[in-house]
Every structure is written in structure tokens, then in C-alpha cells.
Amino acid sequence: MRSWSIPAGRIFGVELRIHLTFLFLLVFVWLTESAAHGSASAGPRGLALVGIIFGSVALHELGHALASRRAGIPAKAIILLPIGGVTLLDETRLPVESGEETWKRDIRIALAGPAVNLLIALVAGTVLMAALPQIRLWNKPWVTSLNLPRSLVWSNIWLAVFNLLPAYPMDGGRVLRAIFARRLDSVQATRRAVTIGQAFATLFMLTGMLWNIWLTLIGFFLFIAAQLEERSAVFHSVLETVHLEDIMLRDFATLSPADTLEDALDKAVHSLQDDFPVIRGSDMVGVISRQKILKTLRSEGNGYVQSVMNRLFEVAQKKESLASAFRKLNARNLSLIPVVEDQRLVGIVTLQNLMHSMALLAESRKLRRSGLGS
């Protein structure tokens, strides 16, 4: 999802990104407004309407981010979609809670977004009815570029209402997933919620073709978001169920702290590794990357590996899951984890090999499922 989004700054320390589907919304609003009111006013007013929706979605997701922070899970990024968005949480800092506390926490976080939209609609509607009664808040069309104040109120109402539908990954669907998670594991709960979400998306698109084109657009965005969540579920399934011994590199090169950087570079040239464990005797004492070797040689000339190696690293056991390794890599921004058995180095997992393995494992599972289905 991040690869289909562009950065748009930070808010409260959280990275803000705009999903490219917002471009579809911009084009859609321009086409519908041009057809209804002419192209002269469609540009600036349509852009203002998209801006209102954008701001409402941003505040919606900020509600999720603040609720998750209060629950002890800081958000890393917010990706804005036209019908809501996705708040990416820092999974390396998930608190240890019982199953009951987890699903209750997930429900509180899910409901925070719609609560923000309803609060905005209530405050804006109260102020507008008192100060600008001529906007006729209850008249149709509720969302139109010709009446932006009315659109502010109703776009927030509709965002709240649609996100409360039990259609994953909308917030109501996340509440449903949390309820499923009381009896199912997280992957099964997510997949069941995704199936319901895709059914709602299909219903929206079919209904929209007969009644309101906006429903078709919402169904389209919802279907895309549900597919992204399904891929995420498969990804996390791989993370949790595959052990490091299944994907670790067993044949790998090592360096000594007494090696010169030129010797280390010579070894690196004859290896496919980007990162190397540094071994003294039978003990691992550090990690160094090919990039670090080259950078130091260019800037400082030849020296010894021990002077530039990274002494901070995490150790993993063979039976640990990929999820555990991924959290360790992210927690300290590492690129290599040594895998040990009985305090003996038996393999390494690099970030590059981890990403390649996860992609291949996820694809192999899809192929197996499609083979069973046929």
C-alpha cells in the first residue's frame, strides 16, 4: 500500500501519505461536476470539495492514531484513501495483553475515527445553522461543490456512516474482525471480515449503477482496500507460521574483526551477501555491511573491520517465527540477524533474504490454494 502512496508531511510525529486513488476521486468529481454545472466552475469548486473530503479523512485517521497511541501502540504512518484510510501501527511495540483486552482495544481504536467525523459534523452543523441558515443544511444534494459548507457537514456524516458498516476494512468491519478474533486466530478473523467486505463492495458497485454513481465509486475503493487487506493477511500468515530455520542462509561468509577493510571488500566481491557477521573465535562480535566497507574505504582509507563494525545486533533462535525476526530488524533498524542453536551460529537472516523469502512463500501459498480450489 505504501508503494501506491506519496508522502505529504508529518502530523503529531506520524508520517502522512496520500494514496493514488485520490487522483481517481479528483477526476471523478471534475467529470460529474462538469456534467452538472459546466466546466468553468468544476475546477476550483471540485478541487475545494476534494479538499474537504481529504481533510475529513485525515482527521478521521488522526482519531485512530491518537486512540492507538493512548492504547500504547504508536502509529508509524497514515495512508489516506477517499473512503477513509489505513493507520499503520508500530507492531514492534505492541503491548502484551490478554485476548479479551486485545479485541476490546481494537474496537476502541476502530470507533475513534467515525467518532471524530460525527463530532466535526455536529459542531459544523450547529455553527452553520446558527450563523448561515441560508445554506439549508437538510436540502439535497447533500454533498455538492455548489454548497461547500453543507458538503463539510454531510461528507463527515457519510464518512462516519459508511465506515461503521460491517464491511472490512471499514471501521465497522474492523469491529466485526475484533469480534471474530475472540474465537478465531487473527488471520482467519481477517479473512472472514475481508470476504464480507468484498461482498459489500460488490453490492455497492451494482447498486450504484442503478441508483447513484457515488456508490459505485465507494464500492470500487472498498474492493481495492479489501484486496490490500487480504494480501496483508497472507503476508502476516507467512510471518507467524514460518520459522527462521526454513528460510535462513546456512552457507554464508563471515569476517574477522582483525580483517582489514580491503580484505573484507575482497571477500565481499566473491559473495552475494550484503551484510556479514563478524566472528572472533566462536563468538559473534558485530555486523558490517558491504556499503559500510565501501563508504569507509572512500572516506577514510584502509582500516580494520573492528573499528567500523556495528556492535549492536539481535540474536534469534531457529524456531522463532519470521514475525519475530521482522520485529527485531525494525526495532533497531538492523539489516542482519544471526540465528543460533545452543549458542552456536548456524545461520543468518538478512533483510534482503527475509523480504525475498516472504514474497516467495506468500506466492507459493496462493498457488497451493488455487491448486486445491481447482
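In this text the structure is predicted, and so the values were computed from the model without any measurement. Below, all heavy atoms of this structure are taken into account, side chains as well, without hydrogens, waters or symmetry copies.
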Exercise answer: donor-acceptor pairs, residues 113-123 side-chain atoms, under 3.5 Å, sequence neighbours excluded:
from: Asn117; atom 1: OD1; to: His60; atom 2: ND1; distance (Å): 2.5
from: Asn117; atom 1: ND2; to: Ser56; atom 2: O; distance (Å): 3.3
from: Asn117; atom 1: ND2; to: Asn156; atom 2: OD1; distance (Å): 2.8

Gap separating the CG atom of Leu336 from the CG atom of Leu249, nearest 0.5 angstrom | 8.5 Å
Across all chains, not counting sequence neighbours, the salt bridge (Lys or Arg N to Asp or Glu O under 4.0 Å) partners of Glu245 are Lys318, Lys319
Can you tell me if Ser307 uses its side chain to pair, donor with acceptor, with the backbone of Gly303 under 3.5 Å?
-> no
Determine whether Tyr304 and Leu265 fall in the same hydrophobic cluster, where Ile, Leu, Val, Met, Phe, Trp and Tyr are linked whenever their side-chain heavy atoms lie under 4.5 Å apart.
-> no
With distance as the sole test, does Glu320 use its side chain to make a donor-acceptor pair with the main-chain N or O of Gln317 at under 3.5 Å?
-> yes
Within the side chain of Asn163, is there an N or O that forms a donor-acceptor pair under 3.5 Å with the backbone of Leu159?
-> yes
Heavy-atom closest pair, residues Ala178 and Ile107 = CB-CG1, 3.7 Å
Could I get the full list of side chain to side chain contact (heavy atoms under 4.5 Å, CB included) partners for Asp263, not counting sequence neighbours?
-> Thr260
State, with a plain yes or no, whether a side-chain heavy atom of Ser289 is found less than 4.5 Å away from one of Phe276.
-> no
Checking side chain to side chain contact (heavy atoms under 4.5 Å, CB included) for the pair Leu62/Ile11: CA distance, chi angles, key distance, verdict?
-> CA-CA 8 Å; Leu62 188 59; Ile11 182 168; 3.9 Å; yes
Yes or no on ring pair (Phe, Tyr, Trp, His ring centres under 6.0 Å) for Phe204 and Phe162, after CA distance, side-chain angles and deciding distance?
-> CA-CA 11 Å; Phe204 285 163; Phe162 274 108; 5.7 Å; yes
Who are the salt bridge (Lys or Arg N to Asp or Glu O under 4.0 Å) partners of Arg290, not counting sequence neighbours?
-> Asp274
Minimum heavy-atom distance between Ile337 and Ala316, given as atom pair plus value | CG2-CB, 3.6 Å
Can you name the closest pair of heavy atoms from Ser151 and Leu49 and give their distance?
-> CB-CD1, 3.8 Å
Closest approach of Ser256 to Val305 (non-hydrogen atoms, all atoms of both residues) = O-CB, 3.6 Å
Flag if over 12 foreign heavy atoms under 6.0 Å of CD, Gln291 = no
Given Trp211 and Leu215, is the side chain to side chain contact (heavy atoms under 4.5 Å, CB included) satisfied, shown in steps?
-> CA-CA 8 Å; Trp211 181 47; Leu215 274 180; 3.4 Å; yes
Is the shortest heavy-atom distance from the side chain of Leu345 to the side chain of Ile279 under 4.5 Å?
-> yes
Classify the angle between the aromatic ring planes of Trp158 and Trp142 as parallel (below 30°), tilted (30 to 60°) or perpendicular (above 60°).
-> tilted
Proximity of Phe223 and Phe200 rings by center, below 6.0 Å | no
Under a 4.5 Å cut-off applied to non-hydrogen side-chain atoms, are Arg344 and Glu341 in contact?
-> yes
Roughly how far apart are Ile78 CD1 and Arg10 CZ, rounded to 0.5 Å?
-> 10.5 Å
Name of the residue among Arg250, Met284, Gln273, Met248 meeting side chain to side chain contact (heavy atoms under 4.5 Å, CB included) with Ile348 | Gln273
Look at the side-chain heavy atoms of Ile, Leu, Val, Met, Phe, Trp and Tyr, link any pair under 4.5 Å apart, and say whether Leu132 and Trp154 land in one connected group.
-> yes
What are the two closest heavy atoms between Ala201 and Gly219, and how far apart are they?
-> CB-O, 3.4 Å
Would you please test Thr102 and Arg105 for side chain to side chain contact (heavy atoms under 4.5 Å, CB included) and show each step?
-> CA-CA 5 Å; Thr102 298; Arg105 178 201 68 201; 3.5 Å; yes
From Arg183 atom CZ to Trp103 atom CH2, the distance as rounded to the nearest 0.5 Å | 10.0 Å
How many angstroms lie between atom CG of Leu176 and atom CD1 of Ile196, to the nearest 0.5 angstrom?
-> 4.5 Å
Ser271 side-chain N/O to Ala268 backbone N/O, donor-acceptor pair under 3.5 Å | no
Verdict with reasoning, Leu255 to Ile293, per side chain to side chain contact (heavy atoms under 4.5 Å, CB included) = CA-CA 12 Å; Leu255 297 174; Ile293 294 169; 4.3 Å; yes
Roughly how far, to the nearest 0.5 Å, is CG of Leu261 from CD1 of Ile288?
-> 6.0 Å
Keeping the roles fixed (side chain from Arg311, backbone from Val287), state whether a donor-acceptor pair exists under 3.5 Å.
-> no
Would Ile53 and Val161 show up in the same hydrophobic cluster when neighbours are defined by side-chain heavy atoms closer than 4.5 Å?
-> yes
Partner set under side chain to side chain contact (heavy atoms under 4.5 Å, CB included) for Val285, not counting sequence neighbours = Pro257, Val278, Arg280, Met309
Of all heavy-atom pairs linking Arg177 and Ala193, the shortest is CB-CB, 3.9 Å
Answer with yes or no whether the hydrophobic clustering places Leu203 together with Leu206; edges join I, L, V, M, F, W, Y residues whose side-chain heavy atoms lie under 4.5 Å apart.
-> no
Any side-chain heavy atom of Ile6 within less than 4.5 Å of one from Arg17?
-> no
Tell me the salt bridge (Lys or Arg N to Asp or Glu O under 4.0 Å) pairs involving residues 136-155, sequence neighbours left out?
-> none
Any sub-3.5 Å donor-acceptor pair from Ser321's side-chain atoms to His243's backbone N or O?
-> no
With hydrophobic residues grouped by side-chain heavy-atom distances under 4.5 Å, do Val143 and Ile52 end up in a single group?
-> yes
Do Leu111 and Asp171 touch side chain to side chain, with heavy atoms closer than 4.5 Å?
-> no
How many angstroms lie between CZ in Phe54 and CG in Leu59, if you round to the nearest 0.5 Å?
-> 10.0 Å
Side chain Ser68, main chain Ala65, donor-acceptor under 3.5 Å | yes
